[in-house]
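Have a look at the structure below before the remarks.
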Amino acid sequence: HSATRMDFSNEYNANSIHAQGDAWFIERVQELTDGEVDITLHTGGALGFRSSDHFYGVADNAVQIADSLSGALAGIDPIFLLSSLPFVVEDVDSAHRLYEIARPEYDKVFEDNDQILLYASPWPASGIWSEDPVTSMEALENLKIRSYDRNGTETLMNAGASPVRLSWADVVPQLATGGIEAVLTSAEAGANASFWEHLSDFNAIQYAIPLNMVHMNRDAFSDLSEAEQQAVLQAARETDARNWDIVKQRLEENYAELGDHQVEIHDPVPADFQAGLEQAAQPVVESWVDDTGERGRRILKEFRQESDQ
Amino acid sequence: MEMLLVGAGVIGLLFGILALGSWVFAGLVIVAMLSLWGFGDFDPSRIGLILSKILFRAANSWELSAIPLFILMGELIFRSDISERLFRGLTPLTRYLPGGILHTNVLGCTLFAAVSGSSAATTATIGKITTRELAERRYDRSLSIGSLAGAGSLGLLIPPSIVMIVYGVQAEVSISQLFMAGVLPGLLIAALYIGYVAVRSLIDPDLAPRAEDAGQGAWRALQDLAPVLGLIVIVIGAIYSGIATPSEAAAVGCAATLGLLLWERQLTLGLFLEALRGALVSAVMVCSLLVAAALLSTAMGYLHLPSELAGWIAEQAFSPLALLLALALFYVLLGLFLDGISITVMSLPITLPIIIQAGYDPLWFGVFLVIMVELGQITPPVGFNLFVLQGLTGESIGRVALAAAPFFMLMCIAALIISLWPMIVLWLPAVLSG
Amino acid sequence: MASRSPEGAVPHGALARAVAALGRFSGGLATLGAGLAMLLVVYMLGHILLEIGLRLVGRSTFILDEYIGYSVAAMTFLGLPYALEQGGLIRVALVLERLPRAWRWPLELIVSLTALLSFGWLARYWTLAVQRSHDRGIVSETLAQTPLWIPQGAVLVGLYLLCLVLVVRSLRILVQRHAFISGER
Ligand code: NA
Ligand code: NA
């Protein structure tokens, strides 16, 4: 009999940290099943789907597997905003811990919608790319900065900045012409788009470490043989571990690249600036807890208890 | 090779269904469904699920808003005396150039390309202004339509450009540098077109009857050109001063045109509503085609057609030159029935690594790819510039495609020239970014 | 709108009148859709200009790309039935033009029915998606948290209207046969 063929949708380019993790997963599945499960990765949104289409796309088996930006699924369930909550996690390790605490809740949402969560793919931490150092609340005052989601817009407004919503395609043209002065994103994303042509500083405010989720249609999973199912789950576990490792290495590589292009890196930023930002983020986190109810409160409580120990 | 058969099958289906007389947008949707069903063994309910989601996703696009707004700008200009004055002003200026005001197409599209990021919007806007005026002055129809089709696609090569942004994001090449790299090749193509029109008109003066010159002076000519030039300066100025993004330029252009008409006391509610109605029909035609093309692209993605064809090229161990030729053929082939952005997104994961491996600069390849995509705009059965011109002139698609054929060849020559002298692409970005 | 053809095959009778009435009804709805679509074009123009103005003073509506995206989608589908009726949607008509008049109508019927079938099929599955968005209260992931069924529903209405126009067109072809004049280029 012939191999089972599946399609895997991803909206990032082939060199992105997410696509590379997905390609690694596909290869592991291939090895573990002797080529019996043949998955094709479609990068750059080549199938026509964006992250926000993936949740029901996978639920309906329009596509069997997808890699989706967690925050893009927030309109379906606010739990997906957890990983992009501002200033909740400090570093990759604490983000990993928060993910493990929340994983049962993530699993449940996917299970309730005919799919299974395979693994997570964390982003490098978001910071502020800017033309001058942004290392104090004063520097943030009226700064025209592009934010990538609802949480970021609210937090930056609370902090006195002037956040702007722009599509990613408009960001570089707007930087080139001075329409915006700064961008809230990772060192990685800025490096991929050659931000150093227009900006000179990266301020590592450790805003958040957002997650991408890789999820699979449950029927497509159940149709596999028992051994193939185990192989997929094993590959998923390995990819999860690999992704959390890689994201740490990426930061070092990104910083080296930024150095090569004379970008000044401010890491860490002054403690009073960090405190001011966290204060601006407080209402955002509280309103998220209100939206998610008991689940959110419990996850954050458990996370903070562990952090204090 | 199975994929070649599938590819041939899809093209055959497309020709068949379009030849039957189906509306093009419906034909693309039908072919997308039949391909998934026939070549991919998808059951009909899954086809409905997938394609209905893509229908909304493809239409729900902020970048597409430039299309109705630029077309509205063209309709407003068309319905005022600005377009007529443009021709009056150009007549003395092109007096010594064989072909006369036939050059308005190429000149107008080149200028407008600096304002608009899409070729459909460029062709529709300039075509709306020029086709009637040129027909009234008895200029050769085929040369007029062909030069519009060819020059309209410059919207993609001369910055700003939507395809370049997509390429830059995918290939991680600086979008600013890509924009700079497109300028000289764009001007090169414009020059080739102007040369061709001039030579054809020299050989056969009947193609471009000498416009009766009112004998007005240069000053008067400049006054007649002022409105159009002013509009273009305002829009380009808004983009390069950072006031508006390239996606917002269309709204600035519309507002400036409305302001100008108000100033000249030509704006009436009737004129505005007529322009709006005309713009709606054209915009719906273009947008529905883009959505339908997205459905076809999705179907091709599920059939793994572009990626397997590109993968096959990757396996052939071509020499760098042969590789380039193979890729050019590959892109022209895909360009027959897919739109440019889809081609770029679906093929790049495979073609980019092999092109870099072969020693080509990704910045240079971006410009080469944009030219390949522009070629696809003027080849049947699915060529957006051809569709726009069919809508504008009422000529059959075959006639429009035939008129565009020489300009297709000229664009191929331009691709050859930048392959032989890559500095034409790389020089400006190198100089400007120091 | 019964058409008179040189062959003198003027359709008559109750059936023809019913189809004509249905045609006026669907035509009216298509015009209404086009009116809404035109309003959306004006809205897009206004919102983008507002955003540009606000950005100059360091402010934003924060929903520009989201709402313009919805507007483009709604404009396209609400305007589609009208553009089709007006003959604004291009077709190739290679074979059609070469056929004798009397032979055209079966081909026209096939064209209308295949389009109806494919868009009807898409409308059916899109209905399920819109229903789900509505029933589960799915909102956009933006600051506006827009209930998604609203923009999705606008597209759905356009799809239904397109199907209605295609049904009426098919009926007209069946009733008028070789007297049918497509009105398209
Ligand atoms: Na352009
Ligand atoms: Na083409």
Side-chain angles (χ1 to χ4, degrees), chain A residues 5-7 9-16 19 23 38 40-64 144 146 164-181 188-189 191-198 217, chain B residues 45-58 60-63 117 159-160 162 165-166 168-179 238-248 294-295 297-302 304 306-308 342 344-350 352-353 433:
Chain A
R5 294 180 58 162
M6 294 190 190
D7 290 296
S9 172
N10 169 327
E11 73 167 298
Y12 305 94
N13 71 56
N15 288 330
S16 65
D38 177 15
T40 305
L41 182 64
H42 301 265
T43 55
L47 283 184
F49 295 115
R50 308 283 296 274
S51 279
S52 51
D53 308 316
H54 282 158
F55 189 81
Y56 287 114
V58 171
D60 296 342
N61 206 13
V63 63
Q64 287 87 11
K144 282 190 196 172
R146 188 259 185 185
V164 178
R165 245 192 87 103
L166 279 178
S167 66
W168 183 247
D170 275 339
V171 168
V172 169
Q174 277 292 87
L175 280 176
T177 56
I180 52 172
E181 306 160 304
E188 160 108 8
N192 291 347
S194 317
F195 273 11
W196 43 73
E197 288 176 4
H198 311 291
N217 179 273
Chain B
S45 68
R46 183 146 182 253
I47 295 173
L49 270 172
I50 293 171
L51 295 185
S52 64
K53 287 180 206 295
I54 300 296
L55 196 75
F56 184 72
R57 161 54 63 206
N60 178 10
S61 153
W62 134 250
E63 283 83 5
I162 297 173
I165 291 176
V166 170
V169 170
Q170 289 280 299
E172 293 178 3
V173 173
S174 154
I175 293 165
S176 316
Q177 295 221 343
L178 269 171
F179 279 7
I239 296 176
Y240 289 94
S241 64
I243 291 174
T245 69
S247 325
E248 293 164 347
L295 264 61
S297 298
T298 292
M300 295 304 105
Y302 272 102
H304 305 175
S307 53
E308 288 197 18
S342 311
T344 308
V345 168
M346 289 193 288
S347 68
L348 269 188
I350 294 156
L352 193 68
S433 47

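Reminder, nothing fancy here: chain letters follow the sequence lines and each chain counts from 1.
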Heavy-atom distance under 4.5 Å to chain B: side chain of [X], backbone, both or neither?
{"X": "A:Tyr56", "result": "both"}
{"X": "A:Asp7", "result": "side chain"}
{"X": "A:Ala14", "result": "side chain"}

Which bit of [X] is near chain A, if near means a heavy-atom gap under 4.5 Å: side chain, backbone, both or neither?
{"X": "B:Ile47", "value": "neither"}
{"X": "B:Glu63", "value": "side chain"}
{"X": "B:Ser241", "value": "backbone"}
{"X": "B:Ala244", "value": "backbone"}

Contact winner vs chain A - [options], heavy-atom pairs under 4.5 Å:
{"options": "B:Glu172, B:Lys53, B:Glu248", "result": "B:Glu172"}
{"options": "B:Ile54, B:Leu49, B:Leu348", "result": "B:Ile54"}
{"options": "B:Ile243, B:Thr344, B:Thr245, B:Thr298", "result": "B:Thr245"}
{"options": "B:Ala294, B:Ala58, B:Gly301", "result": "B:Gly301"}

To the nearest 0.5 angstrom, please state how far the [atom1] atom of [X] sits from the [atom2] atom of [Y].
{"X": "A:Ser52", "Y": "B:Arg57", "atom1": "OG", "atom2": "CZ", "value": "4.5 Å"}
{"X": "B:Ser174", "Y": "A:Glu197", "atom1": "OG", "atom2": "CD", "value": "3.5 Å"}
{"X": "A:Arg50", "Y": "B:Ser61", "atom1": "CZ", "atom2": "OG", "value": "8.5 Å"}
{"X": "B:Asn60", "Y": "A:Asp53", "atom1": "CG", "atom2": "CG", "value": "8.5 Å"}
{"X": "A:Asn192", "Y": "B:Gln170", "atom1": "CG", "atom2": "CD", "value": "11.5 Å"}

Start with the C-alpha distance between B:Gln177 and A:Ser194, add both sets of side-chain angles, then the distance that settles side chain to side chain contact (heavy atoms under 4.5 Å, CB included), and finish with yes or no.
CA-CA 10 Å; B:Gln177 295 221 343; A:Ser194 317; over 6 Å; no
Side-chain heavy-atom pair A:Phe49, B:Ile50 within 4.5 angstrom cut-off:
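SC-SC contact between A:Phe49 and B:Ile50 confirmed.
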Parallel under 30°, tilted from 30 to 60°, perpendicular over 60°: which one fits the rings of B:Tyr302 and A:His42?
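B:Tyr302 vs A:His42 ring planes: tilted.
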Using modelled atom types and a 3.5 Å cut-off, is there a donor and acceptor pairing between side-chain atoms of B:Arg46 and backbone atoms of A:Asn61?
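Pair found, side chain donor or acceptor close to backbone of A:Asn61.
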